[in-house]
There are 2 protein chains.
Amino acid sequence: MTDGARHIPEATVSRLPVYLRSLAELLDEKVTTVSSERLAEMAGVNAAKVRKDLSYLGSYGTRGVGYEVEYLAFQMSRELGLTHDWPVAIVGAGNLGQALANYGGFTERGFPVACLIDADVDKVGSRIHGVQVHHPDDLPHLVEELGISIGIIATPAVAAQGVADQLVAAGIKSILNFAPTVITVPEGAFLRKVDLALELQVLSFYQEHRAPDPV
Amino acid sequence: MTDGARHIPEATVSRLPVYLRSLAELLDEKVTTVSSERLAEMAGVNAAKVRKDLSYLGSYGTRGVGYEVEYLAFQMSRELGLTHDWPVAIVGAGNLGQALANYGGFTERGFPVACLIDADVDKVGSRIHGVQVHHPDDLPHLVEELGISIGIIATPAVAAQGVADQLVAAGIKSILNFAPTVITVPEGAFLRKVDLALELQVLSFYQEHRAPDPV
DNA sequence: ACGCCCTCGTGCACGAGTTCACAAAGCACC
DNA sequence: GGTGCTTTGTGAACTCGTGCACGAGGGCGT
Ligand SMILES: NC(=O)c1ccc[n+]([C@@H]2O[C@H](COP(=O)([O-])OP(=O)(O)OC[C@H]3O[C@@H](n4cnc5c(N)ncnc54)[C@H](O)[C@@H]3O)[C@@H](O)[C@H]2O)c1
Ligand SMILES: NC(=O)c1ccc[n+]([C@@H]2O[C@H](COP(=O)([O-])OP(=O)(O)OC[C@H]3O[C@@H](n4cnc5c(N)ncnc54)[C@H](O)[C@@H]3O)[C@@H](O)[C@H]2O)c1
């Protein structure tokens with residue numbers, strides 16, 4: 001088996017970042033080797049699942065010993081495409097967009113906020129937390145100039161689909177949508193969504209049902 | 001089958017809020033009846049899936065016609081436990097916590113932000129966007145007083161597990177975690193998480209792999 | 001009243017993901 | 001070098017979710 005196009009299941013891909021964070025913690029603690037058991041505990045999953053997930057990356061473990069933390073972290077970063085930065089553009093410099101722009105955690109993990117985009121001409125040209133605000137029409141230019149590869153949608157729901165279309169037209173293939181609405185992107189583009197109200201509603205469902213409060 | 005304890009699959013529960021939002025849109029447009037086909041298109045899923053999902057709620061459709069929008073919305077709200085408000089407490093009055101407190105969308109959907117909680121004594125006692133900031137020690141009292149049922153964790157990752165423990169100890173059963181770390185809650189409590197860096201990393205994975213850019 | 005047409009509800013087959021269980025493989029110590 | 005202990009990597013069974021395909025059932029027009 002060469003390095004080739006192993007197909008990694010979607011569910012596994014979503015767990016890789018969690019493992020990677022655990023490995024980073026271990027590195028901080030100067031731990032050099034970790035077992036699937038330990039990693040499973042840190043990531044909050046089953047040990048067999050960890051081993052199967054890691055096996056998609058290759059056979060990087062040593063039987064009887066475990067995995068070398070630093071090497072595994074490197075391989076995982078490579079697989080996730082984290083060996084280089086991915087500049088992001090945040091569209092919608094409102095309440096949420098500004099909070100995201102001010103968040104250091106993105107840059108830290110390799111996703112620097114390259115610019116903010118807003119349709120409001122009063123905001124265009126200003127600088128928020130050190131990030132320049134641009135007009136949506138500048139998108140194609142900005143993609144070229146700043147090497148933007150990911151777009152974050154933080155506009156009102158009604159504008160979301162239009163913004164997504166603009167992002168795709170500008171050559172951006174990956175989109176993270178915060179607006180509470182269903183949007184579609186053409187084949188070949190990648191879309192993920194974060195829906196906070198949905199999360200709360202799921203919680204209320206389970207609390208309403210499974211918990212008739214004992215006694 | 002009576003109303004009893006039908007078990008609704010997790011995947012279906014996560015889609016109900018999406019259907020509900022679509023129904024709300026239809027209500028706005030004064031549409032009285034909708035087919036599974038149309039609802040599927042709005043929710044971005046398969047029509048058969050819509051019918052199967054809705055069938056878990058009961059037989060609320062009419063063959064040859066479709067579903068009555070208002071009635072279905074009501075039944076769905078009831079099932080999701082949205083017939084009453086669920087006051088939430090946001091723990092961590094920082095960058096993210098303040099943005100969330102300022103967001104009107106939660107109250108609108110039945111999740112009013114009842115209070116902010118912060119360990120920083122400089123913030124305790126102040127009022128942010130009209131929401132009072134309290135000390136974590138007041139949690140049990142606040143739960144009693146304000147009827148808080150959901151806790152949102154917006155503190156740094158290192159504090160998250162401790163906060164979760166405090167929330168549970170105060171009687172809160174549902175927790176939404178924004179801190180990028182794995183936390184655990186005891187049996188009987190419900191936990192969901194939102195991990196933005198994870199979403200970006202998943203996007204970078206797919207962009208790195210599936211898109212070697214044609215031509 | 002009857003039959004046609006439309007859309008729901010669901011049985012079934014399939015695929016994805018999870019978990020178990022165990023052989024293979026390395027290390028350490030004698 | 002051999003023996004035993006540990007932990008990986010993975011086949012296989014199983015669970016869960018999806019989507020097709022079709023029968024059942026209700027409305028509507030004649
Ligand atoms: N604020 C939160 O905490 C929060 C939480 C969950 C979800 N959301 C969702 O995130 C989105 C943004 O929320 P917000 O509170 O920041 O809203 P906001 O009204 O504060 O900001 C929206 C911004 O988008 C800009 N905008 C509008 N149309 C645009 C367009 N076509 N192109 C570019 N920019 C455009 C506006 O000028 C404004 O600056 C909403 O969909 C909201 O439902 C917000
Ligand atoms: N800001 C964002 O856009 C964003 C995006 C994604 C994830 N996050 C995550 O959300 C969390 C909060 O981010 P932030 O930018 O708001 O951080 P922040 O530093 O601005 O705010 C954290 C707040 O939590 C309070 N706090 C610390 N320990 C506490 C405790 N034990 N009990 C109660 N309050 C406590 C602090 O006093 C501070 O007010 C972090 O884990 C971060 O990784 C933030």
Side-chain angles (χ1 to χ4, degrees), chain A residues 1-3 5-19 22-23 26 31-69 71-73 75-76 79 202 205-206 210, chain B residues 1-3 6-19 22-23 26 31-73 75-76 79 202 205-206 210:
Chain A
M1 193 142 307
T2 67
D3 192 36
R6 264 179 317 268
H7 182 254
I8 303 187
E10 163 101 30
T12 295
V13 173
S14 301
R15 282 189 296 266
L16 293 183
V18 182
Y19 300 143
S22 304
L23 292 174
L26 291 170
V31 176
T32 58
T33 276
V34 66
S35 69
S36 60
E37 194 78 41
R38 177 83 197 286
L39 203 46
E41 190 196 324
M42 295 180 76
V45 300
N46 178 298
K49 198 184 287 185
V50 170
R51 290 199 295 276
K52 183 147 288 189
D53 285 344
L54 297 186
S55 76
Y56 289 114
L57 306 180
S59 282
Y60 298 137
T62 306
R63 294 168 194 227
V65 178
Y67 302 87
E68 213 228 306
V69 176
Y71 184 62
L72 184 59
Q75 291 297 344
M76 201 175 285
E79 196 73 21
V202 171
F205 171 88
Y206 283 113
R210 286 248 219 353
Chain B
M1 211 64 6
T2 66
D3 194 34
R6 263 180 316 268
H7 183 254
I8 304 187
E10 164 100 31
T12 295
V13 172
S14 302
R15 283 189 295 266
L16 293 183
V18 182
Y19 300 143
S22 304
L23 291 173
L26 292 169
V31 176
T32 58
T33 275
V34 66
S35 69
S36 59
E37 194 78 40
R38 177 83 199 285
L39 202 48
E41 190 196 324
M42 295 181 76
V45 300
N46 177 299
K49 200 184 287 185
V50 170
R51 291 199 293 277
K52 185 151 289 188
D53 284 343
L54 297 185
S55 76
Y56 289 114
L57 306 180
S59 283
Y60 297 137
T62 306
R63 292 166 197 233
V65 178
Y67 301 88
E68 212 229 304
V69 176
E70 194 171 350
Y71 184 63
L72 183 60
Q75 291 296 344
M76 201 174 286
E79 196 73 22
V202 170
F205 171 88
Y206 284 113
R210 287 247 227 333

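Note that the structure is predicted; figures quoted are calculated from it, not measured. Per chain, numbering begins at 1; letters A, B, ... match sequence-line order.
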Asks: Here's a test of your reading of the structure: between B/Arg51 and A/Thr12, which maps to the more 5' nucleotide of DNA chain C?
Replies: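 Looking at DNA chain C, the more 5' nearest nucleotide goes with B/Arg51.
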
Asks: The criterion is ring-ring contact (aromatic ring centres under 6.0 Å, His included); which residues satisfy it with B/Tyr56, sequence neighbours excluded?
Replies: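 Here no residue qualifies.
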
Asks: With sequence neighbours left out, which residue pairs that include part of residues 43-66 of chain B fulfil the salt bridge (charged side-chain N to carboxylate O under 4.0 Å, His left out) condition?
Replies: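 Listed once each, the pairs are B/Arg15-B/Asp53.
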
Asks: Rounded to whole Å, how long is the line connecting atom CD1 of A/Ile8 with atom P of C/dT18?
Replies: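 Rounded to the whole Å, the gap is 14 Å.
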
Asks: What nucleic acid atoms does A/Ala11 come within less than 4.0 Å of, heavy atoms only: base, sugar-phosphate, or nothing?
Replies: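 Sugar-phosphate contact only - A/Ala11 comes under 4.0 Å of backbone atoms but never of a base.
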
Asks: For B/Ala48 and A/Glu10, take the nucleotide of DNA chain C holding the closest heavy atom to each; which residue's nucleotide lies nearer the 5' end?
Replies: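 Closer to the 5' end of DNA chain C: B/Ala48.
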
Asks: Can you name the residues that form a side-chain contact (heavy atoms from CB on, under 4.5 Å) with A/Ala73, not counting sequence neighbours?
Replies: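 Applying side-chain contact (heavy atoms from CB on, under 4.5 Å) to A/Ala73 gives A/Leu20, A/Leu23.
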
Asks: Heavy atoms within less than 4.0 Å of DNA chain C: which residues of residues 33-47 of chain B have one? Give them sorted by number.
Replies: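 Close to the strand are B/Ser35, B/Ser36.
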
Asks: Could you check whether any side-chain heavy atom of A/Val18 comes within less than 4.5 Å of a side-chain heavy atom of A/Val45, counting everything from C-beta outward?
Replies: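 Heavy-atom side-chain distance check fails, nothing below 4.5 Å.
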
Asks: Can you list everything that forms a side-chain hydrogen bond (donor to acceptor under 3.5 Å, both in side chains) with A/Gln75? Sequence neighbours excluded, please.
Replies: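 A/Gln75: side-chain hydrogen bond (donor to acceptor under 3.5 Å, both in side chains) contacts with A/Tyr60, A/Tyr71, A/Arg78.
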
Asks: Counting C-beta onward and ignoring hydrogens, is there a side-chain heavy-atom pair between A/Phe205 and B/Ile8 closer than 4.5 Å?
Replies: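 Yes, at least one pair of side-chain atoms sits under 4.5 Å.
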
Asks: Given side chains that start at C-beta, do those of A/Thr33 and A/Thr62 come closer than 4.5 Å, heavy atoms only?
Replies: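 Heavy-atom side-chain distance check fails, nothing below 4.5 Å.
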
Asks: Calculate the interatomic distance between A/Leu16 atom CG and C/dG17 atom P; express it in whole Å.
Replies: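 Checked: the CG to P distance equals 13 Å.
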
Asks: Any N or O donor-acceptor pair under 3.5 Å from the base of C/dT19 to the side chain of A/Lys52?
Replies: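 By the distance-only test, yes, there is a pair.
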
Asks: Contact class for B/Ser59 (heavy atom, under 4.0 Å): base, sugar-phosphate, or nothing?
Replies: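 B/Ser59: backbone/sugar contact only, no base atoms under 4.0 Å.
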
Asks: Taking any atom under 4.0 angstrom from a heavy atom of chain A, which nucleotides of DNA chain D are the first and last to qualify, 5' to 3'?
Replies: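 Here the contact window of chain A covers D/dT6 to D/dA12.
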
Asks: N/O contacts under 3.5 Å, protein versus nucleotides 27-30 of chain C?
Replies:
none

Asks: Using the salt bridge (charged side-chain N to carboxylate O under 4.0 Å, His left out) rule, collect all pairs that involve residues 32-42 of chain A, keeping only residues at least two apart or in two chains.
Replies: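 Sorted pair list comes back empty.
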
Asks: Listed by chain and number, what are the salt bridge (charged side-chain N to carboxylate O under 4.0 Å, His left out) partners of B/Glu10, not counting sequence neighbours?
Replies: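 Only B/Arg192 meet the salt bridge (charged side-chain N to carboxylate O under 4.0 Å, His left out) criterion with B/Glu10.
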
